[in-house]
Amino acid sequence: MTYTPQGWIILKFTTESDYYFKVFASWREDDRWRLSSGAKNPPELSGCGKYWVWPQESGSCYHLPVHGEGGCSFYSEHALNNILAQSGVGEHVIERVNLNEINSKT
C-alpha cells in the first residue's frame with residue numbers, strides 16, 4: 001500500500017538497544033492521520049524530485065511531498081501531541097526529528 005499524505009512529521013522511537021523512525025502522516029481535507037509501521041533507513045528523493053519515498057517495515061510505502069514536512073491540521077496535531085506524551089511511559093523514548101537530521105547521519 002502506498003500513502004501520500006499532505007503533511008508529515010518524523011518521529012524517532014528509541015529503546016535502550018535500538019531506534020527506528022515512523023512517519024506521522026496527515027491529510028487536511030478529511031482531517032485524518034496515520035502512524036507508519038517504522039523504518040531504520042532514511043527515505044530517498046523520487047526521480048521527479050517532488051516527494052521522498054520511504055518504504056516501511058510492514059511493506060507499505062510513504063510518498064512524502066518535499067514541502068509537506070511539519071504540516072498537519074489542528075485535529076492531527078492533537079493526536080500527535082498524545083503520541084509524544086507517551087514518550088518514556090514504556091520502553092520507548094519518542095521525539096520529533098527533522099528529515100535533515102536523519103539525512104545528515106547517513
Side-chain angles (χ1 to χ4, degrees):
M1 184 96 191
T2 300
Y3 299 99
T4 306
Q6 292 175 312
W8 50 275
I9 294 163
I10 300 171
L11 300 178
K12 182 178 182 182
F13 286 68
T14 307
T15 66
E16 283 187 30
S17 61
D18 206 5
Y19 72 92
Y20 54 94
F21 301 100
K22 291 190 176 201
V23 177
F24 180 86
S26 177
W27 291 264
R28 289 179 211 90
E29 78 269 352
D30 55 357
D31 228 4
R32 65 187 170 98
W33 61 273
R34 177 178 186 82
L35 188 62
S36 75
S37 61
K40 290 199 77 163
N41 297 323
E44 294 184 10
L45 191 59
S46 65
C48 67
K50 294 182 179 180
Y51 55 89
W52 294 97
V53 178
W54 206 349
Q56 300 291 295
E57 292 294 322
S58 67
S60 66
C61 187
Y62 282 75
H63 289 185
L64 307 172
V66 170
H67 300 294
E69 186 170 17
C72 61
S73 69
F74 178 78
Y75 168 75
S76 58
E77 188 166 358
H78 180 71
L80 173 63
N81 288 334
N82 285 339
I83 292 168
L84 290 169
Q86 296 300 310
S87 179
V89 171
E91 63 182 45
H92 293 97
V93 172
I94 307 167
E95 60 186 314
R96 185 175 174 165
V97 296
N98 292 320
L99 181 58
N100 289 339
E101 294 175 56
I102 296 170
N103 284 339
S104 68
K105 294 178 182 176
T106 59

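Just so it is clear, the model here is predicted, and its values are computed rather than measured.
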Query raised in the report: If every non-hydrogen atom of Gln56 is compared with every non-hydrogen atom of Ser36, which pair is closest and at what distance?
Result: OE1-OG, 2.7 Å
Requested in this report: Give a yes or no on whether Val97 and Val23 share a hydrophobic cluster (residues Ile, Leu, Val, Met, Phe, Trp, Tyr; joining criterion: side-chain heavy atoms under 4.5 Å apart).
Outcome: yes
Report task. Under the ring-ring contact (aromatic ring centres under 6.0 Å, His included) rule, collect the residues that match up with His63, sequence neighbours excluded. Result -> Tyr51
Report task. Measure the shortest side-chain to side-chain distance between Ile9 and Leu80 over non-hydrogen atoms and say whether it is less than 4.5 angstrom. Result -> yes
**Report entry** Any residue meeting salt bridge (Lys or Arg N to Asp or Glu O under 4.0 Å) with Arg32, in chain and number order, not counting sequence neighbours
**Finding:** Asp30
Query - Residues Tyr62 and Arg34: side-chain donor-acceptor under 3.5 angstrom - result: yes
**Report entry** Side chain Ser87, main chain Ile94, donor-acceptor under 3.5 Å
**Finding:** yes
Requested in this report: Just say parallel, tilted or perpendicular for the rings of Phe13 and Tyr20, cut-offs at 30° and 60°.
Outcome: parallel
Report task. State, yes or no, whether a side-chain contact exists between Glu29 and Gln6 at a heavy-atom distance under 4.5 Å. Result -> yes
Query - Sub-6.0 Å ring centroid separation between Phe24 and Trp33 - result: yes
**Report entry** Heavy-atom side-chain contact between Trp27 and Thr4 under 4.5 Å
**Finding:** no
Query raised in the report: Are the side chain of Trp8 and the backbone of Gly71 linked by a donor-acceptor contact shorter than 3.5 Å?
Result: no
Query raised in the report: Which value, rounded to the nearest 0.5 Å, describes the distance between Leu99 atom CG and Leu64 atom CG?
Result: 8.0 Å
Query raised in the report: Does any N or O in the side chain of Glu101 come within less than 3.5 Å of the main-chain N or O of Asn98, such that one atom is a donor and the other an acceptor?
Result: yes
Query raised in the report: CD1 of Ile10 to CH2 of Trp54: how many Å apart, nearest 0.5 Å?
Result: 4.0 Å
Query raised in the report: If you measure from NZ on Lys22 to CG on Leu11, what distance do you get to the nearest 0.5 Å?
Result: 9.0 Å
